[in-house]
Colleague: 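Questions regarding the structure given below will be posed in turn.
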Amino acid sequence: MSGVELVWFKRDLRLRDHAPLAAAAAQGPLLCVFVHEPAFEAAAEYDPMHACFRDDCLRELRARLAALGAELLELEGPLPEVFDRLHAVEPIARLWSHEETGSGWTYARDRAVARWCRQRDIAWHELPQTGVVRRLESRDGWARRWEQRMGSPEAVLPPRLIAASTRRIVASGVVVLRRPRAATDPTRPLMPRGGESLAWRTLEDFLETRGVDYRRAMSSPVTAFERCSRLGPYLAWGAISMRALHQRVERRRAELAAMREVGLVVDRRWAGSLQSFSARLRWHCHFMQKLEDEPRIEFENFSRAYDGLREQDFDKSRFEAWCSGRTGYPLVDACMRALRATGWINFRMRALLVSFSAHHLWLHWREPAVFLARHFVDFEPGIHFSQFQMQSGTTGINTLRIYSPFKQQLDQDPQGEFVHRWVPELEAVPAEWLTRLPAMPGNLQRRFGVVLGRDYPVPIVDHERAVAVARERLVALRRTEAARAEADRVQARHGSRRSGLPQSPPRRGQLDRASRRRATASPQRALDLGAASGEDEGGTRA
């Protein structure tokens with residue numbers, strides 16, 4: 001069939017290692033499009049900052065394509081209607097895109113596009129861009145397949161692209177061209193900017209300088225903003241490919257090893273930090289695979305045995321206090337306020353926010369998950385919903401983790417530096433009082449200018465009682481036959497299979513006497529690369 005090779009850019013806004021573009025370029029004249037869909041802004045998890053970051057990426061992509069002789073046509077409207085109008089003016093020979101694993105609206109959209117392609121006898125070539133495996137029957141061997149995919153050569157573009165003319169399309173008026181939008185989100189001046197070149201500069205800065213203390217510094221909000229990779233939003237929007245990122249990290253590890261072998265001085269911290277970071281690239285795809293395999297977990301409990309556990313007890317006033325950073329727990333409130341201002345917080349503090357909402361406030365995970373999705377610039381649906389349920393205790397297979405805001409304060413912000421910055425009403429309160437505010441005498445409250453209940457909230461719940469009640473309910477449920485049966489099903493479908501992607505812990509008996517005594521546990525291996533985040537499911541998924 002004659003016609004154009006339609007390259008549909010979605011969350012892959014780059015030129016380097018863009019397999020669909022490279023494959024389409026070898027077939028015939030190209031028509032490159034990005035479609036601004038109403039469903040994107042109508043989604044519950046949408047925030048204008050997501051569009052701002054995306055539009056940064058699109059501006060650079062448009063310029064880079066132009067330098068190779070092609071044009072990026074930005075269209076507006078629902079899909080597949082936009083493609084149908086396009087096809088009427090400029091017949092489409094083949095459709096090219098990357099696979100996606102994301103929110104439910106994109107899954108439904110891609111299924112509709114797949115039907116449209118079949119009805120018009122248009123071949124849709126969807127190529128992988130992460131370690132997620134489409135239509136995976138078993139997790140056995142998944143890690144090996146990840147290594148093979150990430151180790152394969154990058155896709156290479158020709159020096160010039162043969163592009164189809166867009167004149168007829170523009171003149172026809174049958175498609176709506178993108179209207180200009182503001183380049184930044186004025187409500188979040190601290191939000192990162194997008195683009196392929198910035199993605200690579202951020203990576204190189206991390207590998208050359210910032211990442212040296214990554215393993216130790218990633219857990220504290222005091223150091224994480226600088227020492228974490230901050231690559232999450234670039235991965236979420238595909239401004240850098242997972243394969244290119246993985247291979248660059250491995251080359252850097254080899255470079256440092258070679259330097260040590262010839263006697264050059266290399267900071268000893270680099271080895272552990274890059275090993276930790278490399279492992280997190282695998283975890284990134286491991287969690288996305290869960291949503292790929294079971295799309296319903298965006299909306300429903302992993303383990304159906306937990307249905308009804310929290311839904312009827314949802315306290316809207318508690319939820320609103322959590323959302324606004326006014327729970328009376330200084331570190332929790334500081335994390336929420338920092339997140340709302342910057343669009344980012346490190347994984348340990350994300351886990352604290354989720355644990356506090358689920359266990360201390362006993363909130364069902366869905367509404368808090370959507371709220372945080374709107375505030376994570378690196379929102380990646382597969383990671384976000386999988387991690388949210390894991391931290392909420394509804395997977396049925398992961399160790400129950402209930403974070404103590406007080407212990408985290410002592411461990412991660414012992415001087416109160418982070419709290420003092422983001423909760424200014426507590427700026428004069430010495431660090432030693434931040435974990436026991438209710439016990440602070442009235443004369444000290446007045447001296448420090450923070451009278452509890454007036455200048456800063458009293459704690460919204462009692463820590464010890466809330467933790468005890470949550471643990472009791474969860475442990476009792478996990479002991480039921482229904483919960484054990486569901487745990488076996490979840491483990492068989494989603495559990496990891498090898499070291500590097502550790503086996504999920506055993507369910508039966510995992511909550512031994514010692515673990516039940518702990519109100520706080522060290523966190524699951526973290527995902528600096530978006531948990532949220534962050535964050536587009538293929539239409540032909542099973």
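For this chain, numbers begin at 1 and follow the sequence in order.
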Colleague: Could you tell me whether the side chain of W116 reaches within less than 4.5 Å of the side chain of W124, counting heavy atoms only?
Modeller: no
Colleague: State which residues pass ring-ring contact (aromatic ring centres under 6.0 Å, His included) with Y234; sequence neighbours excluded, sorted by chain then number.
Modeller: F53
Colleague: Which residues satisfy the side chain to side chain contact (heavy atoms under 4.5 Å, CB included) test with P128, sequence neighbours excluded?
Modeller: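 If we apply the side chain to side chain contact (heavy atoms under 4.5 Å, CB included) test to P128, skipping adjacent residues, the hits are E99, R149.
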Colleague: Check whether any side-chain N or O of S273 sits under 3.5 Å from a backbone N or O of R215 as a donor-acceptor pair, and report yes or no.
Modeller: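 Judged by distance alone, yes, a pair lies under 3.5 Å.
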Colleague: Can you tell me if R230 uses its side chain to pair, donor with acceptor, with the backbone of T202 under 3.5 Å?
Modeller: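 The answer is no, because no donor-acceptor pair under 3.5 Å joins these two groups.
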Colleague: Sequence neighbours excluded, which residues qualify as side chain to side chain contact (heavy atoms under 4.5 Å, CB included) partners of A321?
Modeller: I460
Colleague: So, using side chain to side chain contact (heavy atoms under 4.5 Å, CB included) as the criterion, who are the partners of R296 when residues are at least two apart?
Modeller: E294, E300, R304, R489
Colleague: Over all heavy atoms of both residues, which pair between S219 and N346 is shortest? Give the atoms and the distance, please.
Modeller: O-ND2, 2.9 Å
Colleague: Please check this pair: side chain of S355 against backbone of A351, looking for a donor-acceptor N/O pair closer than 3.5 Å.
Modeller: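 Absent.
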Colleague: What distance do E45 atom CD and H50 atom NE2 have between them, rounded to the nearest 0.5 Å?
Modeller: 8.5 Å
Colleague: Can you check whether A244's main-chain N or O pairs, donor with acceptor, with R16's side chain at less than 3.5 Å?
Modeller: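 No; zero donor-acceptor contacts below 3.5 Å.
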Colleague: For residues P405 and H360, determine if any side-chain heavy atom of one lies less than 4.5 Å from a side-chain heavy atom of the other.
Modeller: yes
Colleague: Restricting to non-hydrogen atoms, name the atom on Q412 and the atom on R348 that form the minimum distance, rounded to 0.1 Å.
Modeller: NE2-NH1, 3.2 Å
Colleague: Name the orientation class of the two ring planes belonging to F277 and F206 (parallel below 30°, tilted from 30 to 60°, perpendicular beyond 60°).
Modeller: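 Tilted, since the angle between the ring planes falls between 30° and 60°.
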Colleague: Listed by chain and number, what are the ring-ring contact (aromatic ring centres under 6.0 Å, His included) partners of Y306, not counting sequence neighbours?
Modeller: none
Colleague: Around atom CZ of R436, are there more than 12 heavy atoms from other residues, nucleotides or ligands closer than 6.0 Å?
Modeller: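 Yes, the 6.0 Å shell around CZ holds more than 12 heavy atoms from other groups.
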Colleague: Is a side-chain donor or acceptor of Q289 paired with a backbone partner of H286 at a separation under 3.5 angstrom?
Modeller: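 Side chain of Q289 to backbone of H286: no pair is present.
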Colleague: Would R318 and V461 count as a side chain to side chain contact (heavy atoms under 4.5 Å, CB included) here? Give the steps.
Modeller: CA-CA 9 Å; R318 289 184 176 186; V461 292; 3.5 Å; yes
Colleague: If the condition is salt bridge (Lys or Arg N to Asp or Glu O under 4.0 Å), which residues does R243 pass it with, not counting sequence neighbours?
Modeller: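 Partners of R243 under the salt bridge (Lys or Arg N to Asp or Glu O under 4.0 Å) test: D17.
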Colleague: Does some side-chain heavy atom of H359 sit less than 4.5 Å from a side-chain heavy atom of L474?
Modeller: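 Sidechains of H359 and L474: in contact.
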Colleague: I want to check something: taking the side chain as every heavy atom from C-beta on, are L361 and D315 in contact at a cut-off of under 4.5 Å?
Modeller: no
Colleague: ring-ring contact (aromatic ring centres under 6.0 Å, His included) with H98: which residues, sequence neighbours excluded?
Modeller: H18
Colleague: Distance check, rounded to the nearest 0.5 Å: R493 atom CZ versus E137 atom CD?
Modeller: 11.0 Å
Colleague: Quick one: pull up CE in M218 and CZ in R280 and give me the separation to the nearest 0.5 Å.
Modeller: 3.5 Å
Colleague: For the CZ atom of F299 and the CD1 atom of I297, what is their distance to the nearest 0.5 Å?
Modeller: 11.0 Å
Colleague: Do the side chains of R282 and E147 get close enough for a salt bridge, i.e. N-O under 4.0 angstrom?
Modeller: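 Salt bridge: yes.
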Colleague: Quick check: does any side chain N or O of Q247 sit under 3.5 Å from a backbone N or O of M150, one acting as donor and the other as acceptor?
Modeller: yes
Colleague: If the test is side-chain contact (heavy atoms from CB on, under 4.5 Å), which one of L136, V132, V133 qualifies with E292?
Modeller: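 Considering L136, V132, V133, a side-chain contact (heavy atoms from CB on, under 4.5 Å) with E292 is found only for V132.
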Colleague: Would you please test R310 and T394 for side chain to side chain contact (heavy atoms under 4.5 Å, CB included) and show each step?
Modeller: CA-CA 10 Å; R310 294 185 176 98; T394 55; 3.8 Å; yes
Colleague: Once you round to the nearest 0.5 Å, how far does OG of S303 lie from CD of Q491?
Modeller: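 Here the interatomic distance stands at 12.5 Å.
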Colleague: Measure the spacing between CZ of R134 and CG of L127 and express it to the nearest 0.5 Å.
Modeller: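 So the gap between those two atoms works out to 10.5 Å.
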Colleague: If we ignore hydrogens and angles and just use 3.5 Å, is the side chain of S103 paired with the main-chain N or O of W105 as donor and acceptor?
Modeller: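 The answer is no, because no donor-acceptor pair under 3.5 Å joins these two groups.
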Colleague: Going by the rule side chain to side chain contact (heavy atoms under 4.5 Å, CB included), which residues pair with T435 if we only count those two or more places apart in sequence or in a different chain?
Modeller: F406, Q409, L410
Colleague: What is the minimum heavy-atom distance between C285 and W146, and which atoms define it?
Modeller: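 Looking at all heavy atoms of both residues, the closest pair is SG-NE1, 3.2 Å.
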Colleague: Check whether any side-chain heavy atom of F225 sits under 4.5 Å from a side-chain heavy atom of T342, and report yes or no.
Modeller: yes
Colleague: Would you say the side chain of F9 lies within less than 4.5 Å of the side chain of P20, judging by non-hydrogen atoms?
Modeller: no
Colleague: For residues L363 and F319, report the shortest heavy-atom separation together with the two atoms involved.
Modeller: CD1-CA, 3.8 Å
Colleague: S357 side chain to V354 main-chain N or O, any donor-acceptor pair under 3.5 Å?
Modeller: yes
Colleague: What is the minimum heavy-atom distance between L235 and S241, and which atoms define it?
Modeller: CD2-C, 4.4 Å
Colleague: Could you check if a side-chain atom of Q129 sits within less than 4.5 angstrom of a side-chain atom of R14, using non-hydrogen atoms only?
Modeller: yes
Colleague: Do the side chains of L207 and L274 get nearer than 4.5 Å, heavy atoms only?
Modeller: yes
Colleague: Donor-acceptor check, side chain of R94 to backbone of A123, threshold 3.5 angstrom: yes or no?
Modeller: no
Colleague: With sequence neighbours excluded, tell me which residues meet salt bridge (Lys or Arg N to Asp or Glu O under 4.0 Å) with E204.
Modeller: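 Expected list: R248.
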Colleague: Side-chain polar contacts of residues 365-372 - donor-acceptor pairs under 3.5 angstrom, sequence neighbours left out - could you list them?
Modeller:
unit_1	atom_1	unit_2	atom_2	d
W365	NE1	N301	OD1	2.7
R366	NH1	E298	O	2.8

Colleague: What verdict does the ring-ring contact (aromatic ring centres under 6.0 Å, His included) test give for Y46 and F40, after you've listed the backbone C-alpha separation in whole Å, the side-chain angles of each residue and the deciding distance to 0.1 Å?
Modeller: CA-CA 7 Å; Y46 169 78; F40 171 64; 5.0 Å; yes
Colleague: Run the numbers on Q389 and K290 for side chain to side chain contact (heavy atoms under 4.5 Å, CB included), then give the verdict.
Modeller: CA-CA 11 Å; Q389 291 215 47; K290 296 172 187 284; over 6 Å; no
Colleague: Assess whether atom CD of Q119 is packed by more than 12 heavy atoms of other residues, nucleotides or ligands within 6.0 Å.
Modeller: yes
Colleague: Go through the structure and list residues passing ring-ring contact (aromatic ring centres under 6.0 Å, His included) with W200, not counting sequence neighbours.
Modeller: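 Once residues adjacent in sequence are excluded, W200 has no partner under the ring-ring contact (aromatic ring centres under 6.0 Å, His included) criterion.
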Colleague: Looking at D140, is its backbone amide N or carbonyl O close enough to the side chain of S138 to form a donor-acceptor pair, meaning the two atoms are under 3.5 Å apart?
Modeller: yes
Colleague: Less than 6.0 angstrom from the centroid, inside 45 degrees of the normal: does R210 satisfy that with respect to the ring of Y214?
Modeller: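 Cation-pi check for R210 and Y214: fails.
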Colleague: Evaluate the criterion side chain to side chain contact (heavy atoms under 4.5 Å, CB included) for residue pair W362 and V469; output intermediate values, then yes/no.
Modeller: CA-CA 9 Å; W362 202 244; V469 169; over 6 Å; no
Colleague: Can you pull out every salt bridge (charged side-chain N to carboxylate O under 4.0 Å, His left out) where at least one residue sits in residues 331-347? Sequence neighbours excluded, please.
Modeller: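 Those involving residues 331-347 are R337-E425.
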Colleague: Closest approach of F302 and V490, non-hydrogen atoms and distance?
Modeller: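 Reported closest heavy-atom pair: O-CG2, 3.8 Å.
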